[in-house]
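Reading through the structure tokens given below for one structure.
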Amino acid sequence: MSSTLTIFALMDCNNFYASCERAFNPGLRKRPIVVLSNNDGCVIARSHEAKALGIPMGAPAFKFQPLFKERGVAVFSSNFALYGDMSRRVMDTAARFTPDMEIYSIDEAFLRLDRMHGRPLDLARKIRSTILQWTGIPVSIGIGPTKTLAKVANREAKKNPEHGGTFSLVDYPDQDRILAGIEIEDIWGIGRQYGKKLRDFGIGNALQFSRLDKDWVRKRMTVNGMHTLLELQGVLCIPLDQTVATPKSIVCSRTFAKAVTDKDKLAELISGYAARTGERLRGQGCVAGQLQVFVLTDRFRLDKPQYSNAATVSLAIPSSHTPDLIRAARTALEQIFKPGFEYRKAGVMVFGIEKEQGRRLRLFEPPTQERARYKAVMEAMDRINARWGAMTMRVAAEGAEKRWVMRQAHLSPRYTTDWKELPRAGH
DNA sequence: TCTGGGGTCCTAGGACCC
DNA sequence: TCTGGGGTCCTAGGACCC
């Protein structure tokens with residue numbers, strides 16, 4: 001008999017970005033695949049076969065170029081339009097099985113199964129096979145009485161293929177054995193730093209951690225660490241969160257393919273990032289109160305002069321209007337730009353975000369009519385960009401050059417989001 | 001030549017106030 | 001002039017996640 005009140009499932013997509021590329025290209029089955037970051041800089045996703053070749057996560061692409069060639073690794077630039085769309089399909093499919101779902105990241109969701117009919121493990125198997133059939137994306141599902149234990153179960157499901165992609169810790173006879181097989185830094189909520197610290201105390205796996213004293217853990221790892229501990233003991237501390245919160249901050253930043261020294265060029269790039277944050281704010285129906293600009297030189301080139309700085313400006317009125325954001329960004333850049341440095345990365349961050357609807361009006365706001373006209377212009381721009389591809393329409397300050405700072409040598413087509421690039425059936 | 005991008009939360013300590 | 005207690009707000013830094 002189990003006294004479990006809650007049953008969580010953690011569903012995540014196996015090697016998600018690599019699986020997305022493979023889903024539209026059956027010729028890639030069994031072939032090693034890697035997906036590269038912006039600028040094709042480093043490896044951010046690997047198929048099972050690529051992992052087996054010893055290609056680590058975050059590996060600089062240039063170092064592994066020879067191996068890619070020698071072993072016939074299929075290399076892709078990241079294609080977030082495709083991954084975002086595939087994510088939505090996977091989540092929509094999962095959502096058919098339970099109303100209690102929290103989308104946790106682009107490739108992960110927590111589901112509560114205790115209000116559903118049938119054995120949780122049977123349900124998980126059904127979810128898994130349906131997603132595979134409908135989207136072509138393989139997922140793994142772990143089941144446990146808390147989110148943290150569902151994560152543990154998910155790891156077990158992945159580790160041993162004989163589980164067939166699903167595993168349940170609920171009513172499992174030997175939970176200790178499973179916990180003992182989880183390295184300390186593989187526990188959800190324990191990263192490299194705490195992992196090292198705990199190992200210094202002789203705590204090397206989840207079973208040992210789960211037996212620690214609650215106050216001892218709290219003192220050294222804050223209340224979060226204590227929650228992780230309790231959750232491993234089966235005590236629910238981290239509930240399913242289905243609220244759609246407005247984000248606290250939105251960032252758009254890039255590392256450049258080649259260094260930028262020119263202030264005007266930098267201002268153009270920054271303006272583009274400000275415009276992107278504006279689009280995302282409007283997509284959320286939000287406005288931001290403050291905007292920060294940051295610039296950095298190449299942190300790997302210690303032989304060159306280093307400089308990094310950030311400046312924050314308050315917007316006169318919380319806004320999502322691109323020209324407002326660009327103006328603020330240019331003001332902030334003025335405050336921190338220093339000539340003579342080779343800039344390698346820059347970004348724009350907005351915060352003080354609130355819903356536009358129901359926002360408390362400030363003194364000295366421009367007349368509603370004028371605001372409405374601004375808004376109409378932005379909406380038209382967003383519609384055009386949604387239809388014809390991002391960046392089709394831009395404000396002049398963003399510059400005319402086409403994404404010259406981005407290197408994307410291995411981009412796959414936008415199969416699902418652009419009708420011109422739909423895969424052809426048959427030949 | 002070549003090393004990503006985008007988030008959240010917690011705590012300690014200082015400033016300031018009564 | 002010095003001392004004490006208690007509270008709030010803000011920021012920087014550090015940890016984590018995908």
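Order of the sequence lines fixes the chain letters, A, B, ..., with proteins taken first and strands second; residue numbering starts at 1 for each chain.
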**Request:** Indicate whether OP1 or OP2 belonging to B:dT3 is found under 4.0 Å from a side-chain N or O atom of A:Lys345.
**Result:** no
**Request:** Answer yes or no: does a side-chain N or O of A:Ser78 lie under 4.0 Å from OP1 or OP2 of B:dG5?
**Result:**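 No, no such contact exists.
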What nucleic acid atoms does [X] come within less than 4.0 Å of, heavy atoms only: base, sugar-phosphate, or nothing?
X: A:Ile106; answer: nothing
X: A:Asp107; answer: sugar-phosphate
X: A:Lys63; answer: nothing
X: A:Ile103; answer: nothing
X: A:Lys197; answer: nothing
X: A:Gln65; answer: nothing
X: A:Arg220; answer: nothing

**Complete:** dist A:Asn14:CG -> A:Ile137:CD1 (nearest 0.5 Å) comes out at 9.5 Å
**Asked** For the side chain of A:Lys151, counting heavy atoms from C-beta on, which of C:dC18, B:dC2, B:dG5 is nearest?
**Response** C:dC18
**Prompt:** When you measure from the side chain of A:Pro247, which nucleotide among B:dG4, B:dT8, B:dC2 comes out closest?
**Reply:** B:dT8
**Message:** Work out how far the P atom of B:dT3 is from that of C:dC18, and round it to whole angstrom.
**Reply:**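 Taking atom P in both B:dT3 and C:dC18, they lie 25 Å apart.
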For nucleotides 13-15 of chain C, list the nitrogen or oxygen atoms of the protein found under 3.5 Å from its nitrogen or oxygen atoms, one pair per line.
none

**Item:** Heavy-atom closest contact (A:Pro145 atom, A:Thr6 atom, distance)
**Value:** O-OG1, 2.8 Å
**Message:** Checking A:His227 now: which residues fulfil ring-ring contact (aromatic ring centres under 6.0 Å, His included) with it, not counting sequence neighbours?
**Reply:** none
